[in-house]
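The analysis underlying the following values was restricted to heavy atoms, covering all of them including side chains, and did not include hydrogens, waters or symmetry mates.
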Number of protein chains: 2
Amino acid sequence: MRLVETGYESGKSGRLSGLIFSAYRMARSRIGGIGMTQELTERNRRILEAIVEEYIDTAEPVGSRTVTRRHQLALSPATVRNVMADLEELGYLTQPHTSAGRIPTGKGYRFYVDSILQVRPLSSGERKRISNRYHLEGLRAEEVLREAGKALSAISNYTGIVMAPRLETTVFRHIDFVPLSEGRVLVVFVTRSGLVQNKIIQPREPLSSRELETIANHLNRRLKGLSIQEVKEQLFSEMERDRSRYDQLLRKTLMLSQEALKDNIGGEVFIEGTSNILDQPEFSNVAKMKQLFKTFEQKSLLIDLLDRSQKADGMQIFIGSESEFSDIDGCSLITTHYASRRGTIGALGVIGPSRMNYSQVIPVVDYTAKLVSQILDIETE
Amino acid sequence: MRLVETGYESGKSGRLSGLIFSAYRMARSRIGGIGMTQELTERNRRILEAIVEEYIDTAEPVGSRTVTRRHQLALSPATVRNVMADLEELGYLTQPHTSAGRIPTGKGYRFYVDSILQVRPLSSGERKRISNRYHLEGLRAEEVLREAGKALSAISNYTGIVMAPRLETTVFRHIDFVPLSEGRVLVVFVTRSGLVQNKIIQPREPLSSRELETIANHLNRRLKGLSIQEVKEQLFSEMERDRSRYDQLLRKTLMLSQEALKDNIGGEVFIEGTSNILDQPEFSNVAKMKQLFKTFEQKSLLIDLLDRSQKADGMQIFIGSESEFSDIDGCSLITTHYASRRGTIGALGVIGPSRMNYSQVIPVVDYTAKLVSQILDIETE
DNA sequence: ATTAGCACTCTCGGCAGGAGAGTGCTAGCG
DNA sequence: CGCTAGCACTCTCCTGCCGAGAGTGCTAAT
């Protein structure tokens with residue numbers, strides 16, 4: 001099976017209004033005639049909702065009596081049982097064993113998230129609680145991202161995850177070349193948002209430290225404020241134009257910058273609050289836990305998902321079970337991108353059990369992304 | 001109780017020979033008249049050794065019969081039982097419950113490590129297996145440290161931990177100033193070993209980006225190759241000397257550098273292979289595991305221990321149980337410092353259960369430290 | 001001093017039985 | 001025809017019990 005992505009789109013008029021729009025859109029699709037809607041009657045949907053929410057609350061299989069008792073449905077347990085049997089047949093629910101209650105399947109969560117879930121915007125108190133965590137003073141960009149991860153994990157009680165922007169999606173602020181041994185050169189980039197990244201290159205011909213200095217100063221005056229994409233284009237066109245002219249230094253400049261920009265760098269991932277997730281009852285199973293921590297450690301899967309999220313528009317929800325990523329079976333990942341004023345730059349989110357409190361976490365992720373975007377903008381304009 | 005540090009000293013003539021020296025010293029102190037030696041007869045020591053090693057192997061409480069069977073002692077189980085009772089009375093062993101075997105206490109491990117343990121040097125094959133992990137080509141200093149952590153964890157099957165050098169213990173290579181908003185300045189340091197560190201400062205008076213550039217170029221020519229300590233001294237004496245002379249730029253230079261060097265930066269910690277430790281049977285207990293991961297997350301305790309290790313000479317072994325750091329109860333930490341050719345710069349080690357294979361891990365930590373020192377030197381000379 | 005023997009203690013796995021939760025089915029009701 | 005009450009059935013989980021096994025401490029003999 002494939003990992004399905006949710007088309008949880010934001011409106012154009014800002015993220016938060018996007019959320020409201022989204023809720024509205026979902027409400028509409030409930031009445032309208034889209035695929036899934038035909039499959040489930042309104043009553044069945046209500047019952048599915050009750051079961052998912054109950055299970056999110058308690059982490060225990062949900063029985064028919066619980067549903068009628070705790071969620072005011074004017075129905076008897078027997079009726080609910082019939083409905084539950086139907087929902088199981090359709091693949092939304094499953095039973096750990098006969099004579100246990102039901103728990104949602106991946107498909108169940110998916111339907112819940114796509115077509116049932118109502119996201120309420122954060123209260124101003126909640127927003128304050130989140131934004132208070134960034135005592136802006138003198139935080140370096142990297143620290144802002146780390147802090148965002150910590151905030152996400154602390155507020156949600158799950159694990160926060162933040163991907164630093166890749167160099168190529170950023171705006172140029174500063175470059176520097178430091179000669180190392182054997183002709184190798186350490187390149188230090190500073191992006192407009194103040195993020196410092198570095199790499200080592202081996203230029204085809206040797207350069208004196210004086211030359212490196214001159215080249216850096218030159219580039220810094222010329223390229224400031226351009227996106228890396230623009231930088232690349234400009235350098236390329238210049239190279240074309242001046243191919244004929246014999247200017248030693250210019251040639252070296254171009255050669256050096258080309259080397260420096262050749263490969264992607266960045267995409268570092270910060271994972272914060274991993275111990276939080278140990279509180280979740282699903283991870284009393286040590287083997288499962290180990291699986292999850294292995295995933296945290298190697299990061300490639302997470303980078304992959306965050307990359308997708310960065311490219312996509314709006315909130316993405318990945319539900320672990322039933323997906324090709326059996327690694328994080330039983331886990332869900334809620335992500336969105338954050339962006340400074342010029343173009344998309346990174347992604348962040350929360351990892352928790354599929355049995356996660358989506359309606360609480362989604363607005364937190366959303367607001368955090370907005371906040372990070374703002375801070376990176378304000379701090380560095 | 002306090003966390004005791006072991007005086008596991010290296011000789012002056014290189015680390016590895018230090019290990020051998022150490023073993024010799026330990027052997028001597030066994031015969032000599034130091035405190036603990038009087039407390040235990042040779043036979044008792046042999047039995048304690050057998051028990052600790054058996055427990056390291058099996059993670060099961062060790063019974064008297066096992067000791068006689070698997071370690072060739074010409075003694076009956078009954079005799080061993082008597083000795084075990086004595087060792088328990090003296091605090092070296094404990095029983096999970098009556099009629100279970102014995103397991104070592106913190107004191108037991110401590111005695112084993114200090115006075116019994118024989119460390120054998122690595123075979124050349126093992127050394128190769130470790131050094132092969134650094135495919136030197138173009139690794140940035142930070143990546144070298146990360147890789148060292150990974151190597152430590154992979155070889156030992158426990159968790160590797162590496163602390164990056166603090167700026168103050170390093171040698172100056174390069175500095176750069178990047179203007180941000182509102183008069184703030186991003187300072188980028190490159191140390192001789194190629195490590196890039198940065199911080200944000202707020203100079204008392206504003207500086208144009210032209211001035212910043214000039215100052216950086218000036219400092220880079222003047223200070224290269226000095227230790228940060230020397231840099232500070234030089235700047236200070238210059239400040240004294242030129243107090244009278246009215247040179248605007250020089251004054252600004254000194255002001256800026258002073259700001260930049262005011263606080264310590266660095267001391268970042270890389271923890272690799274956390275999931276490894278989940279294989280250890282002591283962590284089937286989820287609560288214990290959570291404790292440990294909390295410690296990993298907040299890092300301050302680890303930084304504290306590594307800082308101590310950096311200052312101390314030679315190998316340090318911290319044994320968790322019985323210590324003021326109940327956080328890592330049941331865990332031990334083996335650390336040593338690594339050093340480039342000029343002065344001590346960082347520390348690294350392995351975290352594992354107290355029931356860790358010391359004789360295997362100690363030489364690995366030792367060799368890795370030597371290797372990291374070398375790589376940082378070679379790469380950047 | 002060391003050891004053989006023995007009674008004792010404690011854990012652990014398996015097993016049986018009962019409580020509790022929940023189901024599926026069937027028959028009756030509006 | 002949809003809903004519901006009732007009931008038999010299933011499965012888990014907890015408890016108590018028992019015996020096997022491992023290991024101990026003590027005592028008496030060598």
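Among D:dA5, C:dG24, C:dT3, the nucleotide with an atom closest to any side-chain atom of A:Gln95 is C:dG24. Across C:dT11, D:dG25, D:dT4, the shortest atom-to-atom separation from the side chain of B:Arg102 is found for D:dG25. Counting only heavy atoms from C-beta on, A:Met84 has its side chain closest to C:dT23 among D:dC11, D:dT24, C:dT23. Checking C:dT2, C:dG24, C:dG22 against every side-chain atom of A:Thr66, the shortest atom distance belongs to C:dG22. Side-chain proximity of B:Thr98 to the nucleotides C:dC25, C:dT11, C:dT9 is greatest for C:dT9.
Backbone-only engagement by A:Ser64 is indicated by non-hydrogen atom pairs under 4.0 Å involving sugar-phosphate atoms exclusively. Using a 4.0 Å heavy-atom cutoff across all strands shown, A:Ala100 reaches sugar-phosphate atoms only and no base atom.
Taking 4.0 Å as the cut-off between side-chain N and carboxylate O, B:Arg355 and B:Glu53 do not count as a salt-bridged pair.
Comparing A:Pro61 and A:Ala78 along DNA chain C, the residue whose closest nucleotide (by nearest heavy atom) sits nearer the 5' end is A:Pro61.
Contact check, B:Ser76 against C:dT2: no side-chain N or O comes under 4.0 Å of OP1 or OP2. A close approach under 4.0 Å does occur between a side-chain nitrogen or oxygen of A:Arg43 and OP1 or OP2 of D:dC3. Taking only side-chain nitrogens and oxygens, B:Ser99 never comes nearer than 4.0 Å to OP1 or OP2 of C:dC10.
In this structure, B:Asp86 atom CG and C:dA1 atom P are separated by 13 Å, rounded to whole Å. Spacing between atom CG of A:Asn44 and atom P of D:dG2 amounts to 13 Å, rounded to whole angstrom units. Note: CG (A:Asn82) to C1' (C:dG24) measures 9 Å, nearest angstrom. Taking atom CG of A:Leu93 as the reference point, atom P of C:dT23 lies 11 Å away to the nearest angstrom. Atom P of nucleotide D:dG23 and atom CD of B:Glu60 are separated by 9 Å, given to the nearest angstrom. Between the P atom of D:dC9 and the CZ atom of A:Arg81 lies a distance of 16 Å, rounded to the nearest Å. Atom CG of A:Leu87 and atom C1' of C:dG22 are 16 Å apart (whole Å). For the pair A:His97 NE2 and C:dG20 P, the interatomic distance rounds to 17 Å; values are reported in whole Å.
Judged by distance alone, the side chain of A:Asn276 and the main-chain N or O of A:Ser153 form a donor-acceptor pair under 3.5 Å.
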Quiz item: Hey, mind stepping through B:Asp57 and B:Arg70 against salt bridge (charged side-chain N to carboxylate O under 4.0 Å, His left out) and telling me if it holds?
Solution: CA-CA 12 Å; B:Asp57 247 35; B:Arg70 219 154 357 212; over 6 Å; no
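By the salt bridge (Lys or Arg N to Asp or Glu O under 4.0 Å) test, A:Arg81 pairs with no residue at all, sequence neighbours left out.
In summary, the aromatic rings of B:Phe296 and B:Phe293 are positioned with their centroids under 6.0 Å apart.
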